[in-house]
Amino acid sequence: RKEVEQDPGPFNVPEGATVAFNCTYSNSASQSFFWYRQDCRKEPKLLMSVYSSGNEDGRFTAQLNRASQYISLLIRDSKLSDSATYLCVLLQGGGKLIFGQGTELSVKP
Amino acid sequence: EAQVTQNPRYLITVTGKKLTVTCSQNMNHEYMSWYRQDPGLGLRQIYYSMNVEVTDKGDVPEGYKVSRKEKRNFPLILESPSPNQTSLYFCATAGGTGNTGELFFGEGSRLTVL
């Protein structure tokens with residue numbers, strides 16, 4: 001079983017839609033969690049950290065469910081500029097980062 | 001401007017011809033790392049370095065070498081490239097030991113080995 005699993009998509013949604021991605025992980029000892037964004041053929045960039053209590057940054061909400069071992073990312077009021085691949089990332093002991101394969105989002109006019 | 005610079009950005013080479021992909025950062029970060037990204041597999045760590053003269057293997061180190069003689073540079077060396085090393089390569093840096101979760105990536109180097 002992969003350490004991190006994401007639905008690769010693509011998720012095709014119209015502008016203004018709300019879309020949610022999930023990411024499951026297998027190592028219960030994972031310490032911290034993040035969402036990265038990667039535009040086509042470009043480098044990944046940190047979007048937001050994910051806290052147990054859930055956290056929000058504008059239209060983006062991230063949540064962590066340790067009991068079920070998944071994290072989620074909710075995007076409200078999707079914009080064309082949100083089109084990208086979203087990577088789920090785990091930080092394990094010793095500073096090792098594990099990347100999911102990414103979920104592709106395409107927002108259409 | 002904070003930067004992580006990789007070179008070359010694109011390279012087509014042939015099996016067995018040694019090549020080096022350079023990575024340089026101006027953020028005075030201790031932690032540097034190399035990843036490769038392949039369809040369906042995500043980003044996989046090749047090697048990482050916590051500081052000068054300190055390097056460790058990641059998940060897929062076979063066929064690669066690295067060195068960290070200076071803080072700002074972390075070159076990736078393919079002594080005898082093979083077609084299965086065709087991939088998109090990213091260098092990344094982080095402050096401290098890299099355990100904050102925030103990595104700063106270079107723009108990527110797309111390598112094709114024929």
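Numbers restart at 1 for each chain; the letters A, B, ... are given by sequence-line order, proteins then strands.
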Nearest heavy atoms of B:F90 and A:K42, plus distance in Å: CZ-O, 3.6 Å
Residues of residues 33-40 of chain B within contact distance of chain A, non-hydrogen under 4.5 Å: B:Y35, B:Q37, B:G40
Residues of residues 106-114 of chain B contacting chain A, heavy-atom criterion under 4.5 Å, by residue number: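 Expected list: B:G106, B:E107, B:R110.
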Members besides B:V4 in its Ile/Leu/Val/Met/Phe/Trp/Tyr cluster (side-chain heavy atoms under 4.5 Å):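 Reading the cluster by chain and number, B:V4 sits alongside B:M27, B:F104.
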Side-chain cluster (under 4.5 Å, hydrophobic types only) that B:L41 belongs to, other residues: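 For B:L41, no cluster forms, as it stays isolated from other hydrophobic side chains.
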Any chain of hydrophobic side-chain contacts (each under 4.5 Å) joining [X] to [Y]?
| X | Y | value |
| --- | --- | --- |
| B:L11 | B:V66 | yes |
| A:V13 | A:L73 | yes |
| B:Y48 | B:L43 | yes |
| A:L74 | A:I71 | no |
| B:V60 | B:I77 | no |

Worked verdict on B:L103 versus A:F34 for side chain to side chain contact (heavy atoms under 4.5 Å, CB included): CA-CA 11 Å; B:L103 289 175; A:F34 310 88; over 6 Å; no
Can you tell which part of [X] gets under 4.5 Å to a heavy atom of chain B, answering side chain, backbone, both or neither?
| X | answer |
| --- | --- |
| A:Q6 | neither |
| A:L87 | side chain |
| A:P44 | both |
| A:Y36 | side chain |

Residue among A:K45, A:R41, A:Q101 with most heavy-atom pairs under 4.5 Å to chain B: A:Q101
